[in-house]
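Not measured: the values here are computed from a predicted model. Every chain is numbered from 1 and lettered A, B, ... according to where its sequence line falls, protein lines coming before strand lines.
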Number of protein chains: 8
Amino acid sequence: MDETTLKSMLNAVAKGETPIDEALRALKHLSVEDIGYAHIDHHRSLRKGFPEVIFGQNKSAQQINGILERMAPWEKTILVTRIDPEKAAIVISRFKDAQYHDDAQMIYFIKDASPITGKGTILVITAGTSDIPVAKEAYLTAKAMGNHVETIFDVGVAGIHRLFAHKDMIESASVLIVVAGMEGALPSVVAGLVDRPVIAVPTSVGYGSSFGGLTALLSMLNSCSSNIAVVNIDNGFGAGYMAAIINRV
Amino acid sequence: MDETTLKSMLNAVAKGETPIDEALRALKHLSVEDIGYAHIDHHRSLRKGFPEVIFGQNKSAQQINGILERMAPWEKTILVTRIDPEKAAIVISRFKDAQYHDDAQMIYFIKDASPITGKGTILVITAGTSDIPVAKEAYLTAKAMGNHVETIFDVGVAGIHRLFAHKDMIESASVLIVVAGMEGALPSVVAGLVDRPVIAVPTSVGYGSSFGGLTALLSMLNSCSSNIAVVNIDNGFGAGYMAAIINRV
Amino acid sequence: MDETTLKSMLNAVAKGETPIDEALRALKHLSVEDIGYAHIDHHRSLRKGFPEVIFGQNKSAQQINGILERMAPWEKTILVTRIDPEKAAIVISRFKDAQYHDDAQMIYFIKDASPITGKGTILVITAGTSDIPVAKEAYLTAKAMGNHVETIFDVGVAGIHRLFAHKDMIESASVLIVVAGMEGALPSVVAGLVDRPVIAVPTSVGYGSSFGGLTALLSMLNSCSSNIAVVNIDNGFGAGYMAAIINRV
Amino acid sequence: MDETTLKSMLNAVAKGETPIDEALRALKHLSVEDIGYAHIDHHRSLRKGFPEVIFGQNKSAQQINGILERMAPWEKTILVTRIDPEKAAIVISRFKDAQYHDDAQMIYFIKDASPITGKGTILVITAGTSDIPVAKEAYLTAKAMGNHVETIFDVGVAGIHRLFAHKDMIESASVLIVVAGMEGALPSVVAGLVDRPVIAVPTSVGYGSSFGGLTALLSMLNSCSSNIAVVNIDNGFGAGYMAAIINRV
Amino acid sequence: MDETTLKSMLNAVAKGETPIDEALRALKHLSVEDIGYAHIDHHRSLRKGFPEVIFGQNKSAQQINGILERMAPWEKTILVTRIDPEKAAIVISRFKDAQYHDDAQMIYFIKDASPITGKGTILVITAGTSDIPVAKEAYLTAKAMGNHVETIFDVGVAGIHRLFAHKDMIESASVLIVVAGMEGALPSVVAGLVDRPVIAVPTSVGYGSSFGGLTALLSMLNSCSSNIAVVNIDNGFGAGYMAAIINRV
Amino acid sequence: MDETTLKSMLNAVAKGETPIDEALRALKHLSVEDIGYAHIDHHRSLRKGFPEVIFGQNKSAQQINGILERMAPWEKTILVTRIDPEKAAIVISRFKDAQYHDDAQMIYFIKDASPITGKGTILVITAGTSDIPVAKEAYLTAKAMGNHVETIFDVGVAGIHRLFAHKDMIESASVLIVVAGMEGALPSVVAGLVDRPVIAVPTSVGYGSSFGGLTALLSMLNSCSSNIAVVNIDNGFGAGYMAAIINRV
Amino acid sequence: MDETTLKSMLNAVAKGETPIDEALRALKHLSVEDIGYAHIDHHRSLRKGFPEVIFGQNKSAQQINGILERMAPWEKTILVTRIDPEKAAIVISRFKDAQYHDDAQMIYFIKDASPITGKGTILVITAGTSDIPVAKEAYLTAKAMGNHVETIFDVGVAGIHRLFAHKDMIESASVLIVVAGMEGALPSVVAGLVDRPVIAVPTSVGYGSSFGGLTALLSMLNSCSSNIAVVNIDNGFGAGYMAAIINRV
Amino acid sequence: MDETTLKSMLNAVAKGETPIDEALRALKHLSVEDIGYAHIDHHRSLRKGFPEVIFGQNKSAQQINGILERMAPWEKTILVTRIDPEKAAIVISRFKDAQYHDDAQMIYFIKDASPITGKGTILVITAGTSDIPVAKEAYLTAKAMGNHVETIFDVGVAGIHRLFAHKDMIESASVLIVVAGMEGALPSVVAGLVDRPVIAVPTSVGYGSSFGGLTALLSMLNSCSSNIAVVNIDNGFGAGYMAAIINRV
C-alpha cells in the first residue's frame with residue numbers, strides 16, 4: 001500500500017468523510033508490496049488474522065531475508081516453513097530473535113507471543129516415531145496461532161492398546177491432528193473414537209509401495225469415519241493452520 | 001447391548017452404587033447389535049451426537065430395510081446415502097415418512113427435525129452446474145445435523161467476477177464447503193478470501209485427463225491456501241458431516 | 001497322461017521293477033489332457049492335494065461344461081469361481097449335483113465332502129456389509145478344502161468397539177482372513193491383536209479415490225503389522241485357498 | 001506398565017484373589033512405556049511370541065539406542081531393520097553384543113538364541129543375485145524366530161532349469177519365501193511346483209519400467225497360482241516374520 | 001495416384017526414358033486416394049508387401065464398406081480387425097466372399113490365399129483359455145500373410161509341466177508369439193527355452209490389480225530373457241504382423 | 001445486471017457524467033444472471049468477444065433449455081458442446097433454428113453468422129478416421145467464431161507420405177490444429193514442417209495402453225517441436241477456441 | 001548441404017533456369033550437417049524463422065561446443081537451454097560473447113539482437129517466487145525472438161487481490177504465459193480475465209502430492225477457460241517460443 | 001555339470017550307447033554351476049548360441065569378477081552391461097583383455113571376435129544426441145553377436161527431413177533399432193517407411209511429463225505401424241540382442 005493513498009484515506013476517515021467500516025474493508029485488500037521476486041501481503045494479518053507464512057523451500061536465503069526485512073517491522077509472529085539448516089543459519093544470523101526448530105525445519109520469529117485464543121486443546125497424534133517431524137510442524141504452527149496444543153507420539157494401529165492408553169486425552173481434545181505414514185490407518189480409528197474434527201496428515205515415511213506417502217494419503221481420503229478431512233503429504237503446517245482456524249469457529 | 005447387562009447396570013445407578021458418569025461411559029461403547037450382515041451401533045448417537053448413516057451403495061434394498069427396521073424405533077433422524085432410485089422406491093414404500101432426494105441420491109428419514117445447534121452458517125459453493133448433486137448431498141447432511149445452510153452454485157474461476165458478486169455471503173459464513181470438478185481451483189480462491197475453514201470436495205465431473213476427479217482432488221490437496229482440508233471425490237456427505245462437526249466446536 | 005504310458009508304468013510297479021515312490025513322482029507331473037481350449041491337469045489333486053479350480057470369468061458356459069465333463073468322473077470336489085448367474089444356470093442344468101452360491105458367484109460341485117483336516121479354525125472378518133461377497137468366496141473355498149471356518153461381518157475400524165466385542169473368537173483362530181475395501185485398515189488392527197497369520201484381501205468396494213480397490217490394496221501392503229500377507233483385489237478365492245494351505249502346514 | 005499396578009496385581013494373584021488366567025490377559029495388554037518419541041511395548045513378546053522389532057529407517061541412532069536401552073534388560077532377541085552402516089556403527093559401539101549384517105542392513109542383538117520351534121524348513125529363493133540383500137533380511141528374521149532356514153539364490157525363470165536342479169529342496173520345504181525383482185514371475189512358477197504356502201517378495205531391483213519394484217509387485221498379486229500371498233516391495237523382514245508365524249500354526 | 005501422372009510415367013518407362021527402378025520407387029510413394037474420412041494407401045502392398053489392414057474399432061460399418069469398395073478391386077487379401085458382430089454382419093452382407101471370425105473379431109476377405117513364404121513355423125502359445133481370442137487374431141494375421149502357424153493354448157506357468165509337454169514343438173518354431181494376461185510370466189519362461197525371437201502379447205484378462213492388462217504388459221517389458229519384445233495389450237494383430245515380418249527376414 | 005443499476009449508469013453516460021470508457025469497463029464485469037443452477041454471464045460476448053458456450057455433458061436437457069432461453073434474446077451465436085442425441089432432440093424441438101451435428105455432438109444455434117474476422121486459415125488435421133468427431137468439434141467452433149477453416153483427415157505418421165501430399169495446404173495455414181490418438185505423434189511432425197502455432201489435441205481413440213488418450217496426451221506434451229501447445233483429451237472445442245483466439249492476435 | 005549441389009543450384013538461379021521460389025523451397029529442406037553425434041539443421045532459421053535451440057541437458061560441454069562451433073559462423077542468435085553452471089562455464093570460456101543466465105540455466109549467445117517484430121506485449125506471470133526460474137526461461141526465449149516482454153511474479157490465487165492489482169497490464173498483453181506449480185490454478189483465473197491466448201506452464205515446485213508438477217499439469221489441462229493451451233512441466237522455453245510464434249500470426 | 005556325470009555320459013556316447021542327439025539335448029540343460037550368489041549357466045552358449053551376459057547393476061565388482069573367473073576359461077565373448085566406471089575399473093584391472101565402453105557403460109571381453117553370421121545389416125537410429133548411450137549399448141551387443149551394424153544419430157521427427165536424408169540406408173537394413181526419448185514418435189515414422197522389423201527402445205531422456213521414459217514407452221506401444229515391437233526403457237542391450245536373434249531367423 002503506497003503512502004499517499006493510505007494518508008489520504010486516513011485523512012478522509014479523520015474528517016468523518018469515510019466511515020470506518022468502509023476504510024477497514026479497503027485496507028484489507030489493498031496493501032500488497034511488490035519487491036520483484038515476491039508480493040508481500042502486509043495486511044494479511046488484518047484480513048485473515050495471521051500474517052503470511054513464508055514457504056522456505058525453493059527460496060534462497062537471500063530471498064527469505066528480503067521478505068523478512070519487509071515484514072519484521074509490522075508483524076509480531078512470522079513463521080518460515082520447510083527451510084533447511086544451511087539456509088536457516090543465514091537467516092538466524094541476520095535476525096537474532098528468530099529461532100530454528102530443526103526437527104520441524106521451521107523458523108519461529110515471535111516477538112510477542114499470541115495469547116491463547118483457541119477454544120479447546122488441539123491434540124497432535126502420530127502413528128510412528130518417524131512421523132514426529134511433520135507432527136512438530138503442526139504443533140509449532142498451531143501454538144504460534146494462539147492455541148493450547150498437546151502431543152502423543154508412536155501409537156499406531158498395529159498395537160492399538162498403546163492408543164487406548166491415552167483415551168481421556170483423546171476424548172477431551174477439541175480438534176485432533178493425526179499424522180501417519182505407511183498404511184495411514186490411524187486417523188480412521190481415532191476419528192471413530194471422538195465426535196470432534198480430525199485433520200489427517202499423511203507422511204512420506206515408508207518404503208516400496210508407500211510411494212512417498214501416496215498410500216497413506218489415499219487411505220485417509222477413503223476413511224469410513226466421517227469427521228475427517230485430509231491435507232497434503234507431509235503438510236504439518238497446513239494441518240496446524242487448519243486446526244487453529246477450526247478451533248476459533 | 002443385551003438386556004440383562006443393561007438392567008443390572010441401571011439398577012446399580014438407581015441405587016446410587018454406580019455413579020451416573022461411569023454408567024454413561026459404559027453405555028457409550030457397549031451396545032452393538034449383530035444382525036449377520038451388519039453390526040448396528042445403537043448408541044452411536046449417544047456417543048457421537050448423530051446416529052449411524054447408512055451407506056447405500058453395494059447394499060441391497062432388503063439389507064437397507066433390515067437395518068432401518070432396527071434403527072427406526074430409536075432414532076429421530078436417519079440418512080441413507082448413495083442409494084439409487086430403484087432401491088429408494090423399495091425403501092420409501094416400506095417407510096412412509098422417509099423422503100427421497102433424487103439429485104443427491106439420498107433418503108431423509110426425519111421424524112423430528114434437529115434444532116439448529118450449529119454456531120454459524122455453513123455455505124456450500126459449486127464451481128459448475130454439474131457439481132450440484134454432490135453439493136446437495138453436503139447441504140442435506142449438514143442441515144439434518146442441525147445447521148443453517150446456504151448455497152451458491154456455478155461460480156467457477158473461469159469467470160471469477162461471478163464469485164465476487166457473492167462476497168458478503170462468503171465473508172459471513174462460519175464454515176465453507178467448496179465443490180468443484182475439472183481443474184478444482186475454486187477452493188483455493190475462496191479460502192484466500194476468508195479466515196474460516198474450507199472443506200474442499202472434488203467431483204468426478206469432467207472428461208479426458210480429469211481422470212474421474214483425480215485431477216481436482218490433487219489440485220485441492222496442493223492448494224496454496226492453508227485454511228483448507230479435503231475429502232474424497234464426490235464425498236458430499238463427508239463434507240457436510242465434517243462441516244457440521246466443525247460448526248459446533 | 002496317455003493310456004499306454006500309464007499301463008506300462010503300472011506294470012513295472014506291479015512287477016516290482018519300479019519302486020512305488022518313483023512311480024508316484026512320475027505320475028504327479030505327467031497327466032495333462034489337452035482339449036484344445038484348455039489343458040486339464042488330472043493329477044493336480046494327487047500333486048497339490050486339491051483339484052484344479054475353474055476360473056469362470058472369460059470362459060463360456062460351454063467351455064466350463066466341457067472342462068467339468070472331463071473332471072467330473074475323477075474328482076470329489078470341483079469349484080468354479082467368478083461365474084455369473086446366466087452362465088451358472090447353464091452349468092447347473094447340466095450337472096444336477098452342482099450348487100450355485102450367488103453371493104460368492106461360485107459353483108460348488110461336491111460329491112463327497114472333504115473331512116475336516118485343517119488344524120484350527122479359519123476366521124473370515126469383513127470391514128463392511130459390502131465386503132461380504134468376497135468374504136463368502138473365501139469362506140466357501142476354505143470350507144471345501146476341509147476346514148472349520150467362522151465369520152464376523154461389518155466390524156470396520158471406524159467403530160472399533162464392534163471388533164473388540166469378538167475378541168475371544170479372534171484370539172482363538174489359527175488363521176485369519178480379513179476383507180476390507182475403502183481405506184483397508186482393518187487387517188493391520190486385527191493382525192496387531194493376534195500372533196497368527198493374517199491374509200488381507202482388499203475389495204473394490206468404495207468410490208472416488210478408492211480406485212477400484214487400489215487404495216485398500218496399497219494400504220494393506222504397507223501394514224505396520226508383520227504377520228500379514230496380501231492377495232489380489234477381490235480375490236476371496238485365493239485368500240481362502242492360502243489360508244487352507246497354511247492351516248495344514 | 002507402572003510398578004504399583006503390577007505389584008498390586010501380583011499380590012492379588014499371590015493371595016489367590018485373581019486367577020492366573022485373568023492376570024495373564026491383563027498383563028498382555030497393559031505394559032507400554034512412553035519415552036516421548038516412542039511407545040515401547042514391553043509385553044509384546046508375551047503377547048505375540050516375539051518382541052517388537054525396531055524399524056531403523058527414519059530413526060536417529062540416538063533414538064534407536066534409547067529404545068534398545070529400555071528393551072535390552074528384558075528381551076533375549078532384538079532385531080533392528082533397515083539401518084544403514086553409519087547408524088549401525090553407533091549402535092554397535094554402545095551394545096557390544098549386537099552384530100551388524102551389512103548385506104541385510106540389519107542388527108542382530110541376540111543374547112540367547114531361540115530354540116528351533118518352527119515345524120519344517122523355511123526355504124528362501126531369489127530370482128537374481130541382486131535380490132540377495134532382501135532375501136538375507138528374510139533369512140535372518142526367520143532364523144532369529146527359531147526356524148531352520150535354507151537358501152537358493154539366482155534361479156530366475158529366464159533359465160528355468162537352474163530352478164529345477166533344486167527340486168528336492170523345494171518340495172521338502174514347509175514354507176517358501178520367493179524374492180524377485182524385474183518381472184516378478186518366479187513365485188508363480190515355484191508355487192505351481194509345491195502344495196505349501198509361498199510368500200512372494202517383490203524387490204526394487206531393475207530399471208526403466210520396473211518402477212522401483214511396482215511391476216514385480218503387481219505381477220505377484222496377479223499370480224495364477226493360489227498358494228501365494230504377497231508383502232511390500234523389499235520387505236524381506238515381513239516375509240521372514242510371516243513365514244515364521246505360518247511355520248508354527 | 002491420379003491417372004495423368006501415372007500414364008505419363010508409364011509412357012516414359014515404355015519409351016525407355018525412365019528406368020524401371022526409378023518408376024518403381026516413385027510409384028511406391030505416390031498413390032494415396034483421399035475419400036474424405038480416410039486416405040487409402042493403394043500402393044502399400046507394393047511398398048510394404050501387404051495391403052493396408054482396416055482397424056474396425058471406432059469406424060462405422062458404412063466407413064468400412066466405403067474403404068473396402070475402393071480396395072477390393074486391387075487387393076487379394078484384406079483384413080478388418082476389431083470389428084464387432086453387428087458391424088461385421090453389415091460388411092459381410094455387402095461382400096459375400098468375406099468371412100467373419102467371431103472369436104478374433106476379425107474379417108478375412110481373401111480372394112486368393114497367399115502362398116507360404118515365411119521361412120519357418122510361427123507358434124502361438126497362450127497362458128490361459130481366456131487369452132485365446134487375442135491369440136486367434138495373431139494366428140489369422142500371420143496365416144493371411146503367408147506363414148505356417150501352429151498353436152498351443154492354456155499352458156501358463158502355474159502348472160509349468162503343461163508347457164514342457166510341448167517342448168519339441170516349441171524348440172522347432174522359428175518365431176514364437178506368447179499371449180498372457182494376469183501375471184504375464186509365460187513369455188519369459190518360453191524365451192528362456194529357445195534361441196528364437198519371442199513376441200510377447202499382454203492381454204486384458206484378469207481382475208483387480210491386473211489393471212486391464214497393464215500388469216502383464218509391465219511384467220513382459222521387464223523380462224530377464226533377452227530374446228523378447230512386446231506389443232500393446234490385446235494386440236494380437238500386431239504380434240502376428242511382426243512375427244510374419246520377422247519370419248521373412 | 002439488474003435494471004436499476006444499468007439505467008442509472010446509462011443516465012450518467014447520457015449526461016456526460018460518466019465517461020464512456022469507464023461505463024464500458026463496468027458493464028464488462030457486472031452482468032451475471034443467477035438462475036439457481038447456473039450463473040449466466042450475459043456480458044461475456046462484450047468482454048471476451050464470444051458468448052458463453054454451454055457444456056452439455058452432465059446438464060439435463062431442461063437445464064440446457066433454461067439457459068438457452070435466457071441467452072437466446074441477446075446472442076447471435078450460441079454453441080452447446082458434448083450433448084448426446086437424446087438431449088439434443090429435446091433442445092432442437094424447443095429452438096427450431098438450432099442445428100445438431102451428431103458427429104461432433106454439438107448444437108449450433110446461429111442466428112446471424114459471424115463475419116470472417118480471423119486473419120488466416122485454420123487447418124484441422126487428424127491422424128486417423130476415428131479422430132474425426134473431435135476434429136469436427138474443433139472445426140465447428142473455429143468456424144462459428146468467424147474463421148476460414150479447412151480439414152485434412154487420416155494422414156497419420158505410419159504412412160507419412162499421405163501427410164506430405166498436402167504440404168502446400170499445411171504450409172499456408174496460419175494456425176494448425178492436429179488431432180491424434182494412439183501414439184499421438186502427428187503434431188510433432190506437423191509442427192516441424194511449419195513456423196506457425198500448432199494446437200495438439202489428443203483423443204481417447206485406441207485400446208490397451210492408450211489409457212483413454214493419456215498416452216497421446218503425454219506424447220504431445222513431450223514434443224521436440226517448440227511451436228506446440230496441448231489441450232485436454234478429446235477437447236476439440238478448446239482447440240478450436242484457442243486457434244480462433246490466436247488467429248486474431 | 002554439400003557445396004557442389006549448392007553451387008550448381010545457385011548457378012541455375014543465376015542463369016534464370018531455376019526460378020527463385022523453387023530454389024528457396026529446395027534450400028529450406030536440404031541443408032543438414034551430420035557431425036556424428038548430431039545433425040545440425042543449418043537452414044532452420046531460413047525455414048522456421050529462428051535457428052535451432054540447443055537442448056543442453058544430457059549433452060556434454062564438448063558436444064555443445066562442437067555444435068556451437070558449426071552454428072556460430074552463420075547465426076545471429078543461439079540459445080542453449082537446461083545447461084547447468086559447470087557445463088556453462090566451459091562453454092562461456094570458449095565463446096566469449098555468450099552470456100549465462102543462472103536463474104534460467106540458459107546461455108544467450110546473441111551477436112546481433114533481433115529487432116522487435118512481435119505485434120504486442122508478451123506478459124509472463126508466476127503464481128509464486130519458486131516459479132521464477134521457469135518464467136525467466138520463457139522471458140529470455142521470447143525476448144531473443146524479437147518481442148517486448150513484461151513480467152509479474154508471485155501473484156497466486158490464494159491471495160487473488162495481488163493479481164487484480166495488475167489488471168491493466170494483464171488486459172493490455174497480446175499473449176500471456178502463466179507459470180504455476182502446486183495446484184496450478186492461476187492460468188484459469190487469468191484466462192478468464194482476458195480474450196487473449198494464454199500459454200500455461202506447470203512447474204515441478206511443490207512437495208507430496210504435487211508429484212513433480214503432475215498435479216499442476218493436469219489442473220491446467222482441465223481448465224474451464226477455453227483460451228488456454230499447455231506445455232510440458234517446467235518447459236519455460238517452449239512457452240516462450242510458442243508465445244513468440246503466436247505473437248507474429 | 002559335475003564331472004562324474006559328464007564323464008559317464010561321454011563314455012556312453014563314445015561307446016555308441018547314447019546317440020549323439022540325445023547327449024546334446026541333455027548337455028543343453030544340465031550344466032549350471034552354483035557359486036552361492038549366482039548360478040552360472042555354462043552351457044548357455046551351446047543352448048542359446050550366445051553365453052550369459054552379466055547384468056552389472058546391483059552386483060558388486062567382486063561378484064562380477066567372481067562370475068567372470070568361472071566363465072572366462074570357456075567363453076570367447078563375454079559382455080557385462082550397466083556397469084559404472086568405478087566398478088569397471090576394478091574388473092578391467094583383473095581382466096586385462098576386457099575393454100570398457102563408457103558411453104554404453106559396458107564391458108566387452110572378447111577373446112575371439114564372432115564371425116559375421118547375421119544375414120543383413122542392423123541399423124541403429126536415434127531421435128536425439130542424448131539417446132546415443134542407449135544406442136551404443138544396442139550397437140555393441142549386436143556387433144558382439146556377429147552382425148554388421150550401422151548407426152544414424154539425431155534424426156528426430158521435429159525435423160523430419162534429417163531422417164529422409166538417410167532413406168537409402170534405412171531401406172536397405174534388414175532389422176532396425178530405433179531409440180527415442182521424449183515423445184517417442186520416431187519408431188512409428190521409421191516403421192512406416194520400411195517392410196522390415198523395427199525394435200523400438202524408449203529412453204529415460206527428457207524431463208517433466210516424460211516420467212523417466214514412460215511417455216516414450218507408451219507412445220511406442222501404441223504405434224499405428226505394425227512392424228514394431230518394444231523393449232524396456234533404456235534397454236539397448238535387449239534391443240541389440242533381439243535384433244541379432246531376428247537377423248539369423
Check your understanding: So which heavy atom on C/Q57 is nearest to which on E/G206, and how close?
Key -> NE2-O, 2.8 Å

[X], [atom1] atom: more than 12 neighbouring heavy atoms under 6.0 Å:
| X | atom1 | result |
| --- | --- | --- |
| C/K76 | NZ | no |
| C/Y139 | OH | no |
| C/K59 | NZ | yes |

Check your understanding: Given that the side chain runs from C-beta out, which part of E/I152 has a heavy atom under 4.5 Å from chain C: side chain, backbone, both or neither?
Key -> side chain

Point to revise | Under 4.5 Å from any heavy atom of chain C - which part of E/F164 | key: neither

Practice item. Answer with side chain, backbone, both or neither: which region of C/D34 has an atom nearer than 4.5 Å to a non-hydrogen atom of chain E? Key: side chain

Nearest 0.5 angstrom please: [X] [atom1] to [Y] [atom2], how far?
| X | Y | atom1 | atom2 | value |
| --- | --- | --- | --- | --- |
| C/N232 | E/S209 | CG | OG | 3.5 Å |
| C/N58 | E/I132 | CG | CD1 | 11.0 Å |
| C/R82 | E/Y207 | CZ | OH | 5.0 Å |

**Study point:** Pairwise side-chain contact, C/F55 with E/T129, heavy-atom cut-off 4.5 Å (strictly under)
**Key:** no

